[in-house]
Amino acid sequence: MTFLVEKTADLFESVLGTRPSGVWSAPGRVNLIGEHTDYNEGFAMPLAINRRTAVAAALRDDRRIRVTSSFDSALVEIEIDDISADTVSGWSAYPLGVVWALRQVAASPESLCGVDLVIDSDVPVGAGLSSSAALECAVAVALNDLWQMGLSTMELARIGQKAENDIVGAPTGLMDQIASMHGRADHAVLIDCQALTATPVALGFAASDLVLLVIDTTVRHSHATGGYKDRRASCERACEALGVPSLRSVTESDLPRAQSILDAETYRRVRHVVTENARVLATGAAIAVDGPRAVGELLNASHVSMRDDYEISIPELDCAVEAAQNAGAVGARMTGGGFGGAAIALVSTHLMDEVTEAVLADFAHRGFARPEIFAVSAADGARRDY
Ligand code: ADP
Ligand code: MG
């Protein structure tokens with residue numbers, strides 16, 4: 001048992017007075033490349049990381065759901081049938097949203113037992129590492145086992161997304177949940193968000209003496225409000241104007257026509273999505289043919305596209321990326337939905353300290369809050385731990 005799994009089982013016992021019947025966990029993720037492409041039915045290439053959210057759980061003999069998190073001392077209680085977007089709020093909307101979404105697809109919802117859920121995590125929250133998907137997927141695999149629902153990993157990913165869209169109210173895509181469900185050690189996951197397929201891509205970072213650094217700016221974002229929703233709306237408007245079902249059908253050769261039809265801002269949004277899809281596929285090809293050091297320019301270009309065309313970067317993210325690049329990173333980009341959160345830098349192992357120091361120094365020089373910088377490795381997806 002890992003430290004986190006043991007700690008979560010112990011927390012269950014100290015809060016509820018009994019041992020859980022099991023502990024399940026799911027990882028956060030970083031997106032190597034392919035940002036804001038998931039809801040446009042495009043391509044993305046995230047990796048599950050060695051930071052996880054664990055849930056200790058046990059069935060009850062009534063129909064109550066009780067949930068608590070190491071986050072918060074409150075024990076939230078609700079009847080299974082009473083869960084709706086109006087009755088739940090705050091962090092518990094994520095786990096309770098998963099309960100709600102599973103109930104929707106259950107063969108006989110009236111026969112589902114209640115359950116106690118206790119959550120602990122070492123995924124940083126709101127950092128763009130998808131603590132939300134880690135939480136949803138951990139709860140989804142736990143309940144899939146306890147309620148013996150027999151859903152596939154892809155179905156469970158969709159349950160997590162449904163919880164986040166319909167109960168939390170954040171219109172996020174499916175990338176994070178697929179990464180958290182399908183992750184594999186030392187692999188990224190190439191996701192085709194139209195076909196809904198997840199293909200492991202061997203990374204070989206360690207074998208090439210590379211380390212993937214996360215630079216968490218500590219600037220927090222929210223996907224339920226603001227810019228994320230606006231970007232989605234722009235893409236929907238663009239599809240209508242272009243007469244396409246999704247931006248997946250638009251390729252780089254269609255861009256001149258798109259430019260002649262769309263206003264300048266909407267066109268920039270489309271150009272990001274279209275070129276980002278191409279960069280994801282190019283990244284897969286580059287790794288396969290030339291190894292992981294060949295992806296640097298694609299990461300750098302992705303950042304420029306997010307900064308200038310999609311306009312989702314912030315000065316702290318630009319600073320992190322530029323400082324890492326100047327200190328010799330193979331490539332760097334902001335990762336996640338934007339407006340805060342983290343950047344990633346792919347760095348030669350021997351330059352790790354130098355890059356870290358350079359980023360810290362530039363942040364201090366610019367008067368930004370000190371970022372959290374740590375290495376991540378590609379880890380396995382959601383599973384039962386005990
Ligand atoms: P991100 O997914 O990038 O970390 P989100 O805003 O999508 O950021 O999700 C963060 C939210 O998910 C938190 O504000 C909280 O409501 C919920 N959450 C994540 N992890 C936990 C946890 N361990 N316990 C309770 N709630 C959590
Ligand atoms: Mg999230």
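Whatever order the structure lists ligands and atoms in, that order sets their numbers, starting from 1.
Residue contact annotation: Gly336 has no non-hydrogen atom under 4.0 Å from ligand 1.
Side-chain contact annotation: Asp385 with Ser25, donor-acceptor N/O pair under 3.5 Å present. Looking only at atom types and distance, the side chain of Ser152 has a donor-acceptor partner in the side chain of Glu155 under 3.5 Å away. There is no side-chain donor-acceptor pair under 3.5 Å between Thr37 and Asn40. Inspection of the Asn326 and Glu322 side chains reveals no N or O donor paired with an N or O acceptor under 3.5 Å.
Between Phe368 and Phe363, the angle of the ring planes goes over 60°, which puts this pair in the perpendicular group of the 30/60° scheme.
Short contacts between ligand 1 and Trp91, defined as distances under 4.0 Å to a heavy atom of the residue, involve ligand atoms 15 (C), 16 (O), 25 (C), 26 (N). Atoms of ligand 1 found under 4.0 Å from any heavy atom of Ser131, numbered from 1 in the order shown, are 1 (P), 2 (O), 4 (O), 9 (O), 10 (C), 19 (C), 20 (N). When each atom of ligand 1 is checked for a heavy atom of Ser69 under 4.0 Å away, the hits are 22 (C), 23 (N), 24 (N), 25 (C). Those atoms of ligand 1 that come under 4.0 Å of a heavy atom in Val125, given as number and element, are 4 (O), 10 (C), 13 (C), 14 (O), 20 (N).
Geometrically, Arg231 does not engage Tyr39 in a cation-pi contact, judged by NZ or CZ lying under 6.0 Å from the ring centre and within 45° of the ring axis.
Checking Val168, Leu135, Thr68, Thr8 against atom 21 (C) of ligand 1, the nearest heavy atom belongs to Leu135. Closest heavy-atom approach to atom 23 (N) of ligand 1 among the candidates Ser121, Gly341, Ala342: Ser121.
At under 3.5 Å, a nitrogen or oxygen of Ser132, whether backbone or side chain, sits near a nitrogen or oxygen of ligand 1.
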